[in-house]
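Below, chain A is the first sequence line, B the second, and so on; all start at residue 1. Worth knowing before you read on, the calculation uses all heavy atoms, side chains too, and leaves out hydrogens, waters and symmetry mates.
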2 protein chains.
Amino acid sequence: MAEQAETLRRTPLSRDRILRAAVALADGAGIESLSMRNLAQDLGVVPMALYKHVANKDELLDGMIDVVVGEIHPPVPDADWKRAVRQRILSARQALQRHPWAPLAIESRNMATPAILAYLDSMIGTFRAGGFSVDLAHHVMHAMGSRILGFSQELFDASRRAGRSGTTNPDPPAALPPEIAARFPHVAEIAMAASHDDASVLGQGCDDQFEFEFALDLLLDGIERLQEQGWASPRRLR
Amino acid sequence: MAEQAETLRRTPLSRDRILRAAVALADGAGIESLSMRNLAQDLGVVPMALYKHVANKDELLDGMIDVVVGEIHPPVPDADWKRAVRQRILSARQALQRHPWAPLAIESRNMATPAILAYLDSMIGTFRAGGFSVDLAHHVMHAMGSRILGFSQELFDASRRAGRSGTTNPDPPAALPPEIAARFPHVAEIAMAASHDDASVLGQGCDDQFEFEFALDLLLDGIERLQEQGWASPRRLR
DNA sequence: ACCTGAACACCGTTCAAGT
DNA sequence: ACCTGAACACCGTTCAAGT
């Protein structure tokens with residue numbers, strides 16, 4: 001214990017070590033536990049020491065995002081743009097799912113980090129190589145939105161609320177309380193149908209992976225159709 | 001000035017008055033300026049007085065979200081589910097655009113507020129009335145994600161960063177710096193094409209409304225096709 | 001019983017004093 | 001020149017003292 005802390009203190013601080021410790025802290029204890037002070041304590045260092053390597057907390061968050069995005073597998077070469085895009089996005093999803101705090105952190109930053117720009121650039125490249133016009137590739141990227149990084153941006157996502165906890169198990173199915181079900185009959189109908197579905201869902205209300213792929217394929221199929229039809233933006237003169 | 005403050009102090013506090021002041025504060029000064037202390041000061045009241053009407057800051061945020069969602073127009077009756085859904089979502093978009101902080105606030109909460117549940121319920125009702133199975137309506141709602149509330153959840157959204165400011169104008173087009181353009185050629189290609197587009201975009205890079213409707217129609221067209229084909233989830237036994 | 005000032009346990013970051 | 005403790009200007013919320 002004391003030895004480990006001593007070892008940590010001996011290892012010189014570096015931006016990289018700070019970023020990895022910050023990601024580990026957010027993964028384990030939740031993003032709301034990520035403070036400069038807590039992070040410094042984890043590293044066995046005085047808070048102000050961090051400021052030699054990151055300008056401020058915002059830059060720390062940018063760096064953490066780049067660590068996560070850097071975990072996305074490189075694109076696999078594939079003659080079929082649709083398969084290539086689909087696979088890369090599902091791989092991004094796997095990376096992002098290891099860091100439940102990342103989606104909200106990414107969305108709350110307001111400029112793309114270098115790693116995200118690189119990811120987007122290579123994704124656009126896949127579309128372009130598949131014969132997409134600049135025009136169509138552009139709008140398609142917008143249409144994919146945050147789904148392109150593998151998170152579907154559900155309106156509410158209980159999974160990202162806090163860090164992993166070994167002791168507390170995930171929320172039980174939580175059948176809709178009767179007074180809610182009465183006020184929102186259509187929501188109740190869907191909740192009931194979903195909870196009666198097959199057992200692979202393990203008592204969860206919805207199968208997140210299924211919903212993600214459903215939406216992804218809906219988009220990709222529509223995009224394929226536009227591309228085959230030679231769609232062009234009405235705002236362009238030709 | 002002093003008279004106005006006096007008038008405000010005379011008006012008794014109420015949950016509703018607190019919520020409206022909080023929305024106005026977030027609209028005007030940005031969500032990062034919304035603190036219990038600032039809000040109390042705007043209301044001419046001591047901070048602790050707020051806690052008689054809202055349990056804590058989280059509940060305040062829930063209430064603010066309900067104020068915004070309450071501004072969405074009720075659904076217009078329409079025999080065509082597709083037109084009805086499209087119009088309601090575009091109306092939601094208008095309401096949400098008046099409160100740039102709302103999308104991120106909604107996504108960071110982790111349970112649906114009553115107003116959002118009511119909105120979702122009525123949206124599901126429109127699909128069901130249009131002949132959708134419970135199964136398809138369910139997955140369609142997931143596929144729409146946050147787009148159903150009118151925000152496309154772009155990966156980065158400069159517009160929500162801070163409050164409206166009368167003095168500083170929106171960021172200029174900001175042509176991609178050359179070293180960025182060199183590292184990310186596909187991003188640069190799209191940025192260049194977009195900035196050369198017709199003048200209706202007013203120098204902005206992209207036409208947000210166009211991108212939103214492009215993605216919305218992509219989804220709605222795909223959904224229509226599934227419904228016409230009688231799509232059923234593979235996880236259901238029949 | 002109600003209201004509220006002071007206090008508590010935190011923040012991110014500045015700055016000057018120490019080496 | 002570098003490092004760092006104390007301090008500053010904030011938070012949300014508790015709590016006890018005042019009416």
### Message
What stems show up for DNA chain D when you take Watson-Crick pairs (N1-N3 plus N6-O4 or O6-N4) and G-U wobbles (N1-O2, O6-N3), both under 3.5 Å, and require three or more consecutive pairs?
### Response
C:4-8 with D:12-16, C:12-16 with D:4-8
### Task
Not counting sequence neighbours, which residues clear ring pair (Phe, Tyr, Trp, His ring centres under 6.0 Å) with B:F184? List them please.
none
### Message
Contact between A:V67 and A:H99 at the side-chain level, heavy atoms closer than 4.5 Å - yes or no?
### Response
no
### Message
Are A:H139 and B:F210, when compared by the centres of their aromatic rings, separated by less than 6.0 Å?
### Response
yes
#### Entry: Under 4.0 Å protein heavy-atom contacts per nucleotide of nucleotides 6-19 of chain C, with B for base, S for backbone only and - for none
-B---BBBBB----
## Note on the structure
Rounded to the nearest 0.5 angstrom, the CD1-CG distance for B:I65 and B:L60 is 10.0 Å
### Message
By the side-chain hydrogen bond (donor to acceptor under 3.5 Å, both in side chains) test, which pairs, at least two apart or in different chains, include something from residues 176-188 of chain B?
### Response
A:D121-B:H186
### Query
What residues form a ring pair (Phe, Tyr, Trp, His ring centres under 6.0 Å) with A:Y119, not counting sequence neighbours?
none
### Task
Mind calculating the distance between CD (A:Q41) and P (D:dT4) to the nearest angstrom?
16 Å
#### Entry: All salt bridge (Lys or Arg N to Asp or Glu O under 4.0 Å) counterparts of A:D58, not counting sequence neighbours
A:R109
### Task
Evaluate the salt bridge (charged side-chain N to carboxylate O under 4.0 Å, His left out) criterion for residues B:E59 and B:R15: first the C-alpha distance (whole Å), next the side-chain angles of each, then the deciding distance (0.1 Å), finally the verdict.
CA-CA 11 Å; B:E59 206 207 74; B:R15 183 180 157 88; 2.9 Å; yes
